Every structure is written in structure tokens, then in C-alpha cells.
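Quick caveat, the model's predicted, so the values are computed rather than measured. The residues of the chain are indexed from 1 along the displayed sequence.
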Amino acid sequence: AAGVERVPFTPPRLRHTNKIEIPNNMLFNIDDSTEQSKNTSLMQFMHIIFPDMNAILNGQLPNWIQWLSERAILAPKNSTVDTINNIVVSQCFVGPEDVFFGADTTTNQDDATKFPVEYVSSLTPAGLPPHRLILKKNIMLILLRNLIP
């Protein structure tokens with residue numbers, strides 16, 4: 001086509017380490033020397049990522065869906081995600097808790113002696129909610145899949 005110039009693509013220089021580098025300004029150091037300091041650090045972290053959470057909960061932020069879609073927290077382990085979720089539910093949302101429990105029985109009674117209820121309840125497989133799920137009004141959730149089609 002006339003007037004169109006094709007510029008050859010030059011790929012950026014890559015370090016061949018098979019790692020994704022996150023810029024330092026996107027990192028937050030959690031002090032996990034004690035449970036108290038860990039919770040304090042995580043609360044500070046939550047206020048940095050979600051500084052206007054009270055405005056959302058009080059209906060004062062009209063474009064809250066856009067605001068939330070611009071934020072994300074990445075954690076290396078599911079246990080860290082569970083801790084962050086517990087802090088968000090207990091500290092950021094007011095009101096009564098609705099607690100839901102996962103199934104703790106087996107369809108085959110012979111399997112009941114192989115897997116104690118305490119053990120099964122302690123498992124937190126990826127993609128499934130915890131055995132004890134705590135929800136509050138206005139809390140954000142994501143439905144990953146319908147377990148009972």
C-alpha cells in the first residue's frame with residue numbers, strides 16, 4: 001500500500017532465566033517474625049492496594065467495578081492467599097458472618113476410616129474453597145466453576 005512503511009520487528013533483550021521479574025515498586029515486604037507483625041504488615045498492605053475500601057462499602061465510589069478491576073494481589077502460596085482473605089473478611093468488612101462448611105462425609109462408609117474428618121477438613125486444594133468458608137455482606141467473590149452442574 002502506498003504511504004505505508006514496514007518497520008522490521010526487533011525483539012527486546014531478554015534474560016534467559018525463565019523467570020518473571022516483578023519491578024521493585026510493585027513488591028511489598030511482609031514482616032512475618034511474629035503472627036502479630038505479619039497481620040499488621042498485611043493490613044498495611046491491604047490499605048495500600050485498596051485505599052478506598054470504606055468508600056466502596058458505603059456506596060460513595062460510583063465506578064467501583066472499574067476501581068476493583070485495576071487491583072490485584074499476587075501471592076506465591078495458597079496459604080498466604082488464605083491468610084490475606086481471612087484478614088480482609090475480618091478487618092475490612094463489617095457485619096455478621098455467614099459460615100459455610102464443606103462436606104465432611106464420604107459416600108462409601110469404608111473410606112470414612114481411611115480419612116479422618118480432621119484431616120479432610122484441613123486440606124485446601126487449589127480451586128476449591130476452604131472447609132470453613134466465612135462470607136459477609138458486600139464481600140467480593142469469584143465463582144471458579146459450578147461443582148454440581
Looking at [atom1] of [X] and [atom2] of [Y], how far apart are the two atoms once the value is rounded to the nearest 0.5 Å?
X      : Y      : atom1 : atom2 : answer
Ile49  : Ile84  : CD1   : CD1   : 9.5 Å
Arg132 : Ser121 : CZ    : OG    : 11.5 Å
Phe101 : Leu133 : CZ    : CG    : 10.0 Å

Exercise. According to the side chain to side chain donor-acceptor pair (under 3.5 Å) rule, which pairs have a member within residues 39-51, sequence neighbours left out?
Worked result: none

Exercise. Can you get from Val81 to Leu135 by hopping between Ile, Leu, Val, Met, Phe, Trp and Tyr side chains that sit under 4.5 Å apart?
Worked result: no

For this session: Could you state whether Leu42 and Val89 fall into the same hydrophobic cluster, counting links through intermediate Ile, Leu, Val, Met, Phe, Trp or Tyr residues with side-chain heavy atoms under 4.5 angstrom apart?
Result: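 Linked within one cluster.
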
For this session: Report yes if some heavy atom in the side chain of Phe45 is under 4.5 Å from a heavy atom in the side chain of Ile73; otherwise report no.
Result: yes

For this session: Check whether any side-chain heavy atom of His131 lies under 4.5 Å from a side-chain heavy atom of Leu123, and answer yes or no.
Result: no

Problem set entry | Residues in side-chain hydrogen bond (donor to acceptor under 3.5 Å, both in side chains) contact with Glu118, at least two apart in sequence or another chain |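 Glu118: no side-chain hydrogen bond (donor to acceptor under 3.5 Å, both in side chains) contacts found.
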
Exercise. Is atom CD1 of Ile48 surrounded by more than 12 heavy atoms (other residues, nucleotides or ligands) closer than 6.0 Å?
Worked result: yes

